[in-house]
Colleague: 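Pasting in a structure now, in structure tokens, and then I'll have a few things to ask.
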Amino acid sequence: MKSRGAVLTAVGEPLSVVELELDPPGPGELLVRVRATGLCHSDLSVIDGSRLRPLPMVLGHEAAGEVVETGPGAEFAVGDHVVLSFVPACGACRRCVSGRQALCEPGAAANREGTLLGGARRWRLPDGTRPNHHLGVSGFAEYTVVSEKSATRVDPDLPLDVAALFGCAVLTGTGAAFYSARVVPGDRVAVFGLGGVGLAAVLGAVAAGAAQVVAVDVVEHKRALARTLGATHDAAGGPDAVTAVRDLTGGGADKVIDTTGVAAVLEQAYLATAAGGTTVTVGLPHPDRTVTLPALSLVAEERTLKGSYLGSCVPRRDVPRFVDLYRAGKLPVDGLLSGRLALDEVNAGFTRLAAGEAVRQVVVL
């Protein structure tokens with residue numbers, strides 16, 4: 001079948017919205033009519049070359065839509081509404097069976113190669129070239145084929161523009177607060193970086209019962225938005241951020257979450273963490289970047305520094321859990337939405353995202 005999609009052909013170039021051929025789903029795969037896909041900094045990092053992926057590639061990794069065809073043996077049905085997440089967890093490797101599906105080994109290998117979990121590429125350009133899949137999703141398209149291991153079923157009454165955000169922003173940010181940082185009632189929390197993931201971490205910290213949530217960003221309107229979403233304090237990003245957080249929290253936050261993907265900000269997040277506290281980083285710095293930390297503090301202050309991928313979540317467990325919190329009014333995810341776009345407007349959306357003018361824009365198809 002034919003499907004319009006946004007293709008990245010070279011680093012630093014705009015996406016090209018073109019008509020592609022899409023092969024039918026294979027065994028254990030789904031053909032999904034995409035209804036909404038979020039614009040994330042992880043997409044932007046592929047466009048600007050900070051995160052190298054095989055090109056050409058149909059981008060978009062945070063999506064929701066409706067199943068319109070199933071491959072042999074698939075456990076989904078036509079008409080199911082699904083949220084698509086960016087790690088297709090096989091369920092059988094040592095990481096998956098230990099409950100760490102975000103680190104699925106075959107899923108990671110497929111994502112690096114630009115294939116679906118089973119190793120196939122279903123896209124074709126008119127000249128016969130087979131574009132790669134972005135993190136098993138390729139959501140900037142009218143239709144996409146995914147492994148069913150990338151999909152989580154959701155109720156059909158959940159608005160799909162909101163549902164899309166559960167595939168990355170909510171899993172990564174709220175999951176980092178719940179599972180990686182393990183925020184508990186009474187904790188003092190700071191979040192560095194207030195994009196979609198950072199604001200979802202703010203939501204998670206609030207929902208987990210944090211006594212204090214300090215929202216840190218260089219952009220004032222993002223700090224103001226964080227306050228409306230439950231942050232108790234905010235601080236301007238920059239050279240004085242560590243002092244501001246330590247002053248506001250009485251010596252440092254118990255849990256600090258860095259979502260920026262900037263090595264220097266990760267260093268600040270660590271320095272803003274109290275003795276006995278935990279620093280969690282979910283951002284993806286350029287592979288060449290390193291950090292320098294006071295090594296003695298790890299022992300003398302019993303400090304923890306840890307990474308978090310996909311919020312340490314299991315999508316089929318946590319998407320329904322977080323949706324329930326959303327429905328109960330405890331996780332106001334729709335507050336992250338800062339604009340709805342047509343597919344042809346995707347490049348303008350990324351320009352706004354790069355300039356810090358938007359939090360979570362969604363392409364609605």
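Given the structure is predicted, the values throughout are model-derived calculations rather than measurements. Residues take their numbers from the sequence shown, with the count starting at 1.
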Colleague: Between Glu19 and Arg4, does any NZ, NE, NH1 or NH2 come within less than 4.0 Å of an OD or OE carboxylate oxygen?
Modeller: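 Answer for the salt bridge query: no.
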
Colleague: Please check this pair: side chain of Ser98 against backbone of Arg95, looking for a donor-acceptor N/O pair closer than 3.5 Å.
Modeller: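 Flag set: sc Ser98 to bb Arg95 pair under 3.5 Å.
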
Colleague: Roughly how far, to the nearest 0.5 Å, is the NE2 atom of His134 from the CG atom of Leu8?
Modeller: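 Nearest 0.5 Å value for the CG-NE2 distance: 9.5 Å.
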
Colleague: Would you please classify the geometry between the Phe86 ring and the His61 ring as parallel, tilted or perpendicular, with 30° and 60° separating the classes?
Modeller: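 Rings of His61 and Phe86: perpendicular, as their planes differ by over 60°.
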
Colleague: Would you say the side chain of Val154 lies within less than 4.5 Å of the side chain of Val82, judging by non-hydrogen atoms?
Modeller: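 Not touching, per the 4.5 Å side-chain cut-off.
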
Colleague: For residues Leu341 and Val364, determine if any side-chain heavy atom of one lies less than 4.5 Å from a side-chain heavy atom of the other.
Modeller: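 Side-chain contact under 4.5 Å: no.
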
Colleague: Could you walk me through whether Leu225 and Val359 pass side-chain contact (heavy atoms from CB on, under 4.5 Å), step by step?
Modeller: CA-CA 10 Å; Leu225 177 57; Val359 174; 3.9 Å; yes

Colleague: With distance as the sole test, does Ser150 use its side chain to make a donor-acceptor pair with the main-chain N or O of Val146 at under 3.5 Å?
Modeller: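 Such a contact is absent between Ser150 side chain and Val146 backbone.
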
Colleague: Is there a chain of hydrophobic side chains (I, L, V, M, F, W, Y, each step under 4.5 Å between heavy atoms) that links Val11 to Val46?
Modeller: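 Same cluster.
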
Colleague: Would you check if the side chain of Asp324 reaches a backbone N or O of Arg321 as a donor-acceptor pair within less than 3.5 Å?
Modeller: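 No, because the side chain of Asp324 does not come within donor-acceptor range (under 3.5 Å) of the backbone of Arg321.
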
Colleague: Walk me through it: do Arg33 and Glu142 pass the test salt bridge (Lys or Arg N to Asp or Glu O under 4.0 Å)?
Modeller: CA-CA 6 Å; Arg33 174 66 171 100; Glu142 296 168 330; 5.8 Å; no

Colleague: So which heavy atom on Pro54 is nearest to which on Glu113, and how close?
Modeller: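 Nearest pair, atom of Pro54 first, then Glu113: CG-O, 3.6 Å.
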
Colleague: Answer whether the closest heavy-atom distance between the side chains of Cys313 and Tyr179 falls below 4.5 Å.
Modeller: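 A side-chain contact exists here, since the closest heavy-atom pair is under 4.5 Å.
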
Colleague: Just so I know, are the side chains of Leu20 and Pro126 near enough to count as touching, which here means a heavy-atom distance under 4.5 Å?
Modeller: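 No, too far: nothing below the 4.5 Å cut-off.
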
Colleague: So how far is it from Asp318 CG to Ser85 OG, rounded to the nearest 0.5 Å?
Modeller: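 It is 10.5 Å, given to the nearest 0.5 Å.
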
Colleague: Are the side chain of Ser308 and the backbone of Thr281 linked by a donor-acceptor contact shorter than 3.5 Å?
Modeller: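 Flag not set: sc Ser308 to bb Thr281 has no pair under 3.5 Å.
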
Colleague: Looking only at non-hydrogen atoms, find the nearest pair between Ala169 and Ala200 and report the distance.
Modeller: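 Scanning both residues completely, I find the closest heavy atoms to be O-CB, 3.2 Å.
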
Colleague: Same cluster for Val162 and Val206 if Ile/Leu/Val/Met/Phe/Trp/Tyr side chains link at under 4.5 Å?
Modeller: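 Yes, Val162 and Val206 fall within the same hydrophobic cluster.
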
Colleague: Just how far is it from atom NZ of Lys255 to atom CD of Gln212, taken to the nearest 0.5 Å?
Modeller: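 Result: 14.0 Å between the selected atoms.
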
Colleague: Before accepting this row, confirm whether a basic side-chain N of the pair Arg188/Asp254 lies closer than 4.0 Å to the acidic partner's carboxylate O.
Modeller: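 Salt bridge present between Arg188 and Asp254.
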
Colleague: Taking side chain to side chain donor-acceptor pair (under 3.5 Å) as the definition, give me every residue that meets it alongside Glu29, ordered by chain and number, with sequence neighbours left out.
Modeller: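 Counting only residues at least two positions away or on another chain, Glu29 forms a side chain to side chain donor-acceptor pair (under 3.5 Å) with Arg122.
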
Colleague: To the closest 0.5 Å, what do you measure between CG (Leu44) and NE2 (His41)?
Modeller: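 Taking CG in Leu44 and NE2 in His41, the distance rounds to 6.0 Å.
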
Colleague: For the pair Lys306 (side chain) and Ser180 (backbone), establish whether a donor and an acceptor sit closer than 3.5 Å, ignoring hydrogens and angles.
Modeller: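 Yes, the answer is positive, given that a donor and an acceptor are paired below the 3.5 Å cut-off.
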
Colleague: Is any side-chain N of the basic residue among Arg360 and Asp334 closer than 4.0 Å to the acidic one's carboxylate O?
Modeller: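 So Arg360 does not pair with Asp334 through a salt bridge.
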
Colleague: Heavy atoms, side chains only, cut-off 4.5 Å: are Leu194 and Val219 in contact?
Modeller: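 SC-SC contact between Leu194 and Val219 ruled out.
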
Colleague: If I compare all heavy atoms of Ala207 with all of Leu331, which pair ends up nearest, and what's the gap?
Modeller: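 So the two residues come closest at CB-CD1, 4.2 Å.
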
Colleague: Does atom NZ of Lys330 have more than 12 heavy-atom neighbours from other groups under 6.0 Å away?
Modeller: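 12 or below, so no.
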
Colleague: Measure the shortest side-chain to side-chain distance between Phe166 and Thr174 over non-hydrogen atoms and say whether it is less than 4.5 angstrom.
Modeller: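 They are not in side-chain contact.
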
Colleague: For the side-chain hydrogen bond (donor to acceptor under 3.5 Å, both in side chains) test, which of Glu357, Glu345, Gln361 pairs with Arg352?
Modeller: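 Filter result, single survivor: Gln361.
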
Colleague: Can you name the nearest heavy-atom pair linking Ala176 to Val282, along with the distance?
Modeller: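 What the structure gives for the nearest pair is CB-CG1, 3.7 Å.
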
Colleague: Between the side chain of Asn347 and the main-chain N/O of Leu15, is any donor-acceptor distance below 3.5 Å?
Modeller: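 Between the backbone of Leu15 and the side chain of Asn347 there is a qualifying donor-acceptor contact (under 3.5 Å).
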
Colleague: Do Val362 and Val170 land in one hydrophobic cluster if side-chain heavy atoms of ILVMFWY residues count as linked below 4.5 Å?
Modeller: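 Looking at the clustering, Val170 is in the same group as Val362.
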
Colleague: Would Tyr270 and Asp258 count as a side-chain hydrogen bond (donor to acceptor under 3.5 Å, both in side chains) here? Give the steps.
Modeller: CA-CA 9 Å; Tyr270 184 84; Asp258 163 46; over 6 Å; no

Colleague: Does Val213 offer a backbone N or O that forms a donor-acceptor pair with the side chain of Thr232 under 3.5 Å?
Modeller: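 Yes; judged by distance alone, with no hydrogens or angles, the pair exists.
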
Colleague: Atom NE2 in His286, atom CG in Leu284: separation rounded to 0.5 Å?
Modeller: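 It is 12.0 Å, given to the nearest 0.5 Å.
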
Colleague: Please report the interatomic distance CG(Asp155) to CG(Asp80), rounded to the nearest 0.5 Å.
Modeller: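 Output value for this atom pair is 10.5 Å.
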
Colleague: Would you say Val346 ends up clustered with Val58 if hydrophobic residues are merged whenever their side chains have heavy atoms under 4.5 Å apart, either directly or through other cluster members?
Modeller: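 Shared cluster, no.
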
Colleague: Step through the shown structure and confirm whether more than 12 heavy atoms of other residues, nucleotides or ligands are within 6.0 Å of CZ on Arg227.
Modeller: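 Atom CZ in Arg227 is crowded, with more than 12 foreign heavy atoms closer than 6.0 Å.
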
Colleague: Apply the test side-chain hydrogen bond (donor to acceptor under 3.5 Å, both in side chains) to residues Arg121 and Asn132: give CA-CA distance (whole Å), side-chain angles for both, the deciding distance (0.1 Å), then the verdict.
Modeller: CA-CA 6 Å; Arg121 292 177 178 85; Asn132 294 285; 2.7 Å; yes

Colleague: Same hydrophobic cluster for Leu353 and Val262, using side-chain heavy-atom links shorter than 4.5 Å among ILVMFWY?
Modeller: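 Looking at the clustering, Val262 is in a separate group from Leu353.
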
Colleague: Spell out, as yes or no, whether a donor-acceptor pair under 3.5 Å connects the side chain of Thr37 to the backbone of Gly139.
Modeller: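 Pair found, side chain donor or acceptor close to backbone of Gly139.
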
Colleague: Parallel, tilted or perpendicular for Phe322 and Phe178, by the 30°/60° rule?
Modeller: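 Aromatic pair Phe322/Phe178 classed perpendicular.
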
Colleague: Report the C-alpha separation of Val67 and Leu31 in whole Å, then their side-chain angles, then the decisive distance to 0.1 Å, and conclude whether the side-chain contact (heavy atoms from CB on, under 4.5 Å) test is met.
Modeller: CA-CA 6 Å; Val67 176; Leu31 173 63; over 6 Å; no

Colleague: Taking side chain as C-beta onward, heavy atoms only, is Leu365 less than 4.5 Å from Phe140?
Modeller: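 No; the side chains remain at least 4.5 Å from each other.
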
Colleague: Give me the one residue out of Val256, Thr304, Ile257 that meets side chain to side chain contact (heavy atoms under 4.5 Å, CB included) with Thr278.
Modeller: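 That would be Thr304.
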
Colleague: Is the side chain of Ser147 donor-acceptor paired with the backbone N or O of Lys149 at a distance under 3.5 Å, no angle test?
Modeller: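 Between the backbone of Lys149 and the side chain of Ser147 there is a qualifying donor-acceptor contact (under 3.5 Å).
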
Colleague: Taking Thr144 for its side chain and Val137 for its backbone only, find out whether a donor-acceptor pair lies under 3.5 Å.
Modeller: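 Flag set: sc Thr144 to bb Val137 pair under 3.5 Å.
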
Colleague: Take atom CD of Glu21 as the centre, draw a 6.0 Å sphere, and report whether it contains more than 12 heavy atoms from other residues, nucleotides or ligands.
Modeller: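 Yes, because the 6.0 Å sphere around CD of Glu21 holds more than 12 heavy atoms from other groups.
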
Colleague: Does Arg153 CZ have over 12 foreign heavy atoms under 6.0 Å away?
Modeller: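 Result for CZ/Arg153: enclosed.
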
Colleague: Side-chain contact, heavy-atom cut-off 4.5 Å: Thr129 with Trp123?
Modeller: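 Contact flag for Thr129/Trp123 side chains = no.
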
Colleague: Between Thr273 and Thr279, is the side-chain hydrogen bond (donor to acceptor under 3.5 Å, both in side chains) condition met? List the steps.
Modeller: CA-CA 7 Å; Thr273 306; Thr279 311; 2.7 Å; yes

